[in-house]
Amino acid sequence: MSAGKWYGVAGTAVGEWRERLVALSHSLHDEPEVAFAEHASAAKLADLMRSAGFKVTEGVCDLPTALTAEYGNGDLTIGLCAEYDALPGIGHGCGHNVICAIAAGAAIGLKAAADRYGFRVKLLGTPAEESGGGKQLMVERGAFADVTVAMMAHPGPIDTAGARDSTQACTRFEVTYRGRPAHAAGAPWDGVNAADAATVAQVAIGLLRQQVPPSNRIAGFVRSGGMVTNIIPEVSVLDYEVRAPDIDRLDALRRRVRDCFTAGAMATGAEVSFRQTGPDYADLRNDPWLMETYRSHLADFGRTAVVLPPGANSASTDMGNVSHLVPSIHPMIALRGAEAMPHTHEFAVAARTTAADEAVVDGANLLARTAIDLARDTTRRAMYVAAR
C-alpha cells in the first residue's frame with residue numbers, strides 16, 4: 001500500500017479520538033500541576049492510553065508521575081514524549097497540555113499502522129520539563145534504552161521544523177551564603193552580612209554579562225536575604241541558571257559565574273555553597289532527516305515552517321538530553337492567531353483555544369506521518385536501528 005493510504009489510516013484514528021484528545025488537553029489546562037507533582041495529569045494520560053489499547057505502566061523509573069504506554073512489536077521503536085507539567089503562577093503558559101495531547105494522538109495514529117509495518121509505539125510520559133529534568137532522569141534509568149527515535153511537538157506562535165541547534169544547554173543551581181548575625185544598629189561590625197555577599201555577586205555577574213557572547217544567558221533571583229532590618233542577615237539564598245549554545249560552552253560560562261559568587265564570599269567573609277537543583281539540559285540536536293520529513297508534510301495542513309537562523313532560540317529543554325542519545329525532533333507547531341510567546345499569561349490563554357485544539361490534531365498527524373515515513377524507508381530504518 002502507498003504511504004498515503006497509511007497516512008489516511010493514522011489520520012482516521014486520530015480523528016476518531018479527536019474529542020477525547022482535545023478533552024485531555026482542556027482537562028490538563030484546567031488543573032495545572034507543577035514539576036514532579038503532576039499526579040492527576042499523569043493519571044488522565046494513563047487512562048486515555050489504556051482505553052486506546054496500550055499497555056500502560058505508571059510510576060516508571062522511580063518517578064511517581066512518569067509513565068510508559070506501549071503497543072506493537074518490531075526492531076523499530078518510535079518514542080513519543082508527552083510533557084504535562086505547568087509553570088508556577090502561570091499554569092500552562094508553555095502549552096504542555098497541548099504537547100501531551102499531541103503525543104497521545106500521534107501514538108494512537110501510529111497504533112493503526114504499527115502491525116502493518118512491524119514497529120513498536122512507545123509513549124513516554126515525562127514529568128518536570130520546566131524544572132527537574134524528568135527526561136534526563138528517565139534516560140539515566142533506562143526508559144529510552146529501547147527507543148530508536150524520539151519525537152514531540154511544542155506549541156508556539158509559529159511553525160518550525162527546527163534548526164540543527166535549536167535550543168541551548170542549561171544548568172540551574174542554588175547558592176547559599178552563610179554569615180554571622182549582629183545587631184544592625186548596636187554592633188553591625190560584629191556581623192558577616194550574607195545579603196551583602198549576594199549583592200557583590202550580582203554586581204559581578206552584571207559586569208560579566210558585557211564580557212560574554214550575546215548568545216549566553218545568566219538569570220536568577222534572591223530567594224531570601226534577611227528577616228528583619230535590625231539584624232545583619234545571617235543567610236541569603238539565590239536561585240540561578242546559566243545557558244549557552246552547547247554543553248562545552250555551558251561548562252565554561254558556569255565556571256565564570258561561580259567565580260562571581262565566590263567573589264561575594266571573599267569580599268564579605270561569608271561562606272558560600274552551591275547545590276545543583278536539577279540535571280543539566282543539553283542543547284537540542286534535531287535529526288536532519290526526521291526534521292525534513294516532518295517539514296515535508298506541513299503544507300498538507302496549511303502550514304509553512306519559519307526558518308530560524310542558528311542560535312535564534314535561547315530556550316532550553318530536557319528533550320536536548322534525549323537528542324544526544326537517539327535521533328530526535330522537537331518542532332514548534334503554531335497556535336494560529338496567537339501572538340504571545342510561551343511562559344506568559346497570554347500564552348496560557350492561547351493554549352486552550354480552538355487554535356490549540358487544531359494544533360493537537362495537526363501535530364498528532366504530523367508526527368505520525370513522519371514515523372510512518374521512517375518505518376517504510378527500509379534503508380533509513382535499518383540505519384537508525386543499527387545505531388541503537
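All of these numbers come straight from a predicted model, not from anything done at the bench.
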Asp280 versus Thr171, side-chain donor and acceptor atoms under 3.5 Å | yes

Are the side chain of Asp318 and the backbone of Asn321 linked by a donor-acceptor contact shorter than 3.5 Å?
-> no

Can Asp159 and Val306 be said to form a side chain to side chain contact (heavy atoms under 4.5 Å, CB included), step by step?
-> CA-CA 6 Å; Asp159 282 292; Val306 175; 5.8 Å; no

Does the ring of Phe144 carry Arg388 above it, NZ/CZ under 6.0 angstrom from centre and within 45° of its axis?
-> no

His26 side chain to Asp357 side chain, donor-acceptor N/O pair below 3.5 angstrom = yes

Should we say atom CD of Glu271 is surrounded by more than 12 heavy atoms from elsewhere, each under 6.0 Å from it?
-> no

Between the side chain of Arg303 and the main-chain N/O of Ala334, is any donor-acceptor distance below 3.5 Å?
-> yes

Grab the two heavy atoms, one from Ala340 and one from Phe347, that are nearest each other, plus how far apart they are.
-> O-CD1, 3.4 Å

Do you know which of Glu130, His29, Glu38 makes side chain to side chain donor-acceptor pair (under 3.5 Å) with His96?
-> Glu130

Any chance you could lay out the ring pair (Phe, Tyr, Trp, His ring centres under 6.0 Å) test for Phe221 and Tyr240, step after step, and finish with the verdict?
-> CA-CA 7 Å; Phe221 66 96; Tyr240 260 74; 8.2 Å; no

Considering all heavy atoms of both residues, which atom of Gly91 and which atom of Pro32 are nearest to each other, and what is their separation?
-> CA-CB, 3.9 Å

Show your working on side chain to side chain donor-acceptor pair (under 3.5 Å) between Asn365 and Tyr7 and close with a plain yes or no.
-> CA-CA 8 Å; Asn365 277 296; Tyr7 300 157; over 6 Å; no

Any side-chain donor-acceptor pair under 3.5 Å between Glu31 and Ser41?
-> no

Any donor and acceptor pair, going by atom type alone, linking the side chain of Asn97 with main-chain N or O of Ala351 inside 3.5 Å?
-> yes

Side-chain donor-acceptor pair present, Arg243, Ser316, cut-off under 3.5 Å = yes

Have Thr77 and Asp146 got a donor and an acceptor in their side chains that come within less than 3.5 Å?
-> no

Mutual orientation of the aromatic rings belonging to His330 and His154 [parallel < 30°, tilted 30-60°, perpendicular > 60°] | tilted

Does Arg180 use its side chain to pair, donor to acceptor, with the backbone of Asp190 at less than 3.5 Å?
-> yes

Parallel, tilted or perpendicular: rings of Tyr384 and Trp289 (30°, 60°) = perpendicular

Note: Val200 and Gly264 closest approach over all heavy atoms is CG1-CA, 3.7 Å

Cation-pi between Arg120 and Tyr71: NZ/CZ under 6.0 Å from ring centre and within 45° of the ring axis?
-> no

